[in-house]
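Heads up: the structure comes next, in structure tokens.
In the text below, chain A, chain B and the rest are named by the order of the sequence lines, each starting its count at 1.
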2 protein chains.
Amino acid sequence: MGNRGPTLEDVAREAGVSRATVSRVVNGVRNVAPDIQESVREAIARIGYTPNQAARSLVTRRTGTVALVLSATGRSFTARVFSDPFFGRVVDGVLPVLRRRAIQPVLLVAESEQARAQLVEYLRQGGADGALVVPLDENDPLPSMLVAAGLPTVLFGRPRDGERCGYVDLDNPAGARLAAEHLWATGRRRPATIAAPVTAPTAEERLDGFREAFAAHGVTSVPVVRGRFTVDSGRRAMARLLKDHPGIDAVFAANDLMTQGACQYLREQGVSVPGEVAVVGFDDSVAARKARPQLTTVRQPVERMAAAMATLLVEQLDGARSGTAAKVFEPVLVVREST
Amino acid sequence: MGNRGPTLEDVAREAGVSRATVSRVVNGVRNVAPDIQESVREAIARIGYTPNQAARSLVTRRTGTVALVLSATGRSFTARVFSDPFFGRVVDGVLPVLRRRAIQPVLLVAESEQARAQLVEYLRQGGADGALVVPLDENDPLPSMLVAAGLPTVLFGRPRDGERCGYVDLDNPAGARLAAEHLWATGRRRPATIAAPVTAPTAEERLDGFREAFAAHGVTSVPVVRGRFTVDSGRRAMARLLKDHPGIDAVFAANDLMTQGACQYLREQGVSVPGEVAVVGFDDSVAARKARPQLTTVRQPVERMAAAMATLLVEQLDGARSGTAAKVFEPVLVVREST
DNA sequence: TTGAAAGCGCTAACAC
DNA sequence: GTGTTAGCGCTTTCAA
């Protein structure tokens, strides 16, 4: 940068006090006479002083920033992140918590092996005080790498066995059961499901929860097709399902985007929703309300979960909480027009 | 953090050399005997040394990071950013350029007045060596603030008058003309357009370019409805257009998402595309190929533009280029099924 | 080719 | 309340 701006020293000289006093004023420490505070502030404004963060971090060992990391291993990673409202909701939940404490949020994307290595290196060199991680794949090595690097870390989703870090999570099996029981109660007996990719952290939890609930009612065979969380993949999955299992009367999909795609396809094929086939989504994202018919869906309070994730990390940084605190949220079924 | 890890000093002692020598090895400076390099590297590995970025920045005045800033003034900002593939394309273009030079990319979002202020403060305190800015609104104050703060800045889109910073841009009027001439050449005489919000940087350029081209052919009245870049707003705009101007035979929309919405609505109303109404989009995003019919669209090479933006900044940081270098790209018309 | 030493700008004891 | 002073961990002349 070459940003040779004025320093504390300059302000001190200008205001006729010592560096220490200026530092106290800048950092809002009490024990400074009001009139001196005043003159220091004036001096700062007059010469346009800005603290040097590097110098500050060097002694405090703090950066005042927290990283929000989106990590995945597959291809077209950014394409997914920037077309699924889910991540926007996470950001929406995290930002206010951090802003309130004047912590600078920085978004980091780890889209490849190399990127992950660079990112960990960056963070352990002091790029941020802690990390909030949203892993898109079950076996993402990043959380372990971060924990191993000694960085305070909180995950969106349950950590793998042995990873000692904080997390927030949704009770996914419970959510899937909610969907299943609702379908059962409304008379559906031949359900199918559009599941998440096997690599998604929540995939099997939702799938198994759904199956088990129906199994408990004696329905043991539930067809499954995998989607990729996108509207388009939902359409394709629905096409497969309809072709291979024409008798189904209900569909449960692992997120609202796929559910929307499924509905689109059903409509185009002249299959009435919910008349012939009832449909239940997951997340309760904006897509759920924009779809026609509006989607019955399992609500995941993403913003609140993200906010909790940020709060957990901040409290850990303040030393007010252990590094492995967790918070699990309960899903709620939102019944709309698709069932 | 409290990350009291090993320091240069420790490595020096371990390897039996001076701090200066270790520093040279770490920074890849020549003039270090091979055997000494070897033993220093061993020592580093043995004690697990990581350089402290704050200490380094303090003397070099460099952070080795570049910020990619998404800035907007309106509501539901994150909802838009994380559902429009456009931003993913920008990220896709920027990342490889930065990674190649081992520069850490950090994404910053400026979603409010307060956020913008914090962000500028963060950056001038040395949060990054430079900024790549994608302003979503015409009158975004952020670029000026950054330039005023003395931060090397490159914009996606032309800067406002008097802002002395680098930029990349698309020749938007030319793109709109491409669309108009194509529609004219294929016999369309009653065009309408779904424009961007008046606040969008490119809105009037695309709108005027389109109008002027048709005006040159004697078609002086072109109905306009404003959308908000989303599929849904495209649907609504199309509904308005069809209601108020039932005679139109062509539609030009300011991005592919709105175009997709327009097509959906037309289909649902039983209006054939391109039979009765021809449709042209803008961007050539993935949406263009996923829509049915596949969209004829004005291609904006977003990834290449973003890569150029990053390159411009990096060259400026290297001192190899002035701070006001610009690069303007030419659009191309991609003819598919919707015209 | 290597080492000694001087800071980069700031905070935090510790005196006064 | 305020000033003095000693570093934080690193890069970079300058000598040797």
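Taking the six-membered ring wherever Trp is involved, the centroid distance between the rings of Phe156(A) and Phe86(A) falls below 6.0 Å.
Annotation: proximity of residues 12-19 of chain B to DNA chain C (heavy atom, distance under 4.0 Å) is found for Val17(B), Ser18(B), Arg19(B), numbered in ascending order.
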Using the rule given for side-chain contact (heavy atoms from CB on, under 4.5 Å), can you reason through Leu136(B) versus Phe77(B), listing the C-alpha separation, both sets of side-chain angles and the distance that settles it, and then say yes or no?
CA-CA 9 Å; Leu136(B) 309 204; Phe77(B) 160 58; 3.7 Å; yes
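Here the nucleotide nearest the side chain of Ala20(B), chosen from dG7(C), dA12(C), dG3(C), is dG3(C). Between dT2(D), dG9(D), dT12(D), one nucleotide has an atom nearer to the side chain of Arg24(A) than all others, and that is dT2(D). In the set dT11(C), dT2(C), dG9(D), dT2(C) carries the atom at the smallest distance from any side-chain atom of Ile36(B). Comparing dG9(C), dC10(D), dG3(D) by their nearest atom to the side chain of Leu8(B) picks out dC10(D).
Checking each of Ile103(A), Asp129(A), Val154(A) against Val314(A) for a side chain to side chain contact (heavy atoms under 4.5 Å, CB included) leaves exactly one that passes, namely Ile103(A).
The pair Arg160(A)-Glu163(A) counts as a salt bridge, with a side-chain nitrogen and a carboxylate oxygen less than 4.0 angstrom apart. Using a cut-off of 4.0 Å between Lys/Arg side-chain N and Asp/Glu carboxylate O, Arg19(A) and Asp10(A) are scored as not salt-bridged.
Judged by closest nucleotide on DNA chain C, Pro34(B) is the one of Ala55(B) and Pro34(B) placed further toward the 5' end.
The nearest whole Å value for the distance from the CZ atom in Arg56(A) to the C1' atom in dC10(C) is 8 Å. The distance between atom CZ of Arg62(B) and atom P of dT11(D), rounded to the nearest whole Å, is 14 Å. Atom-to-atom, CD1 of Ile47(B) to C1' of dG9(D) comes out at 13 Å; the value is rounded to the nearest Å. dC8(D) atom P lies 11 Å from atom CG of Asp10(B), rounded to whole Å.
When the shell of 6.0 Å around CZ of Arg164(B) is examined, it contains 12 or fewer heavy atoms from other residues, nucleotides or ligands.
Remark: the Arg61(A) side chain and the dG9(D) base include no donor-acceptor N/O pair separated by less than 3.5 Å.
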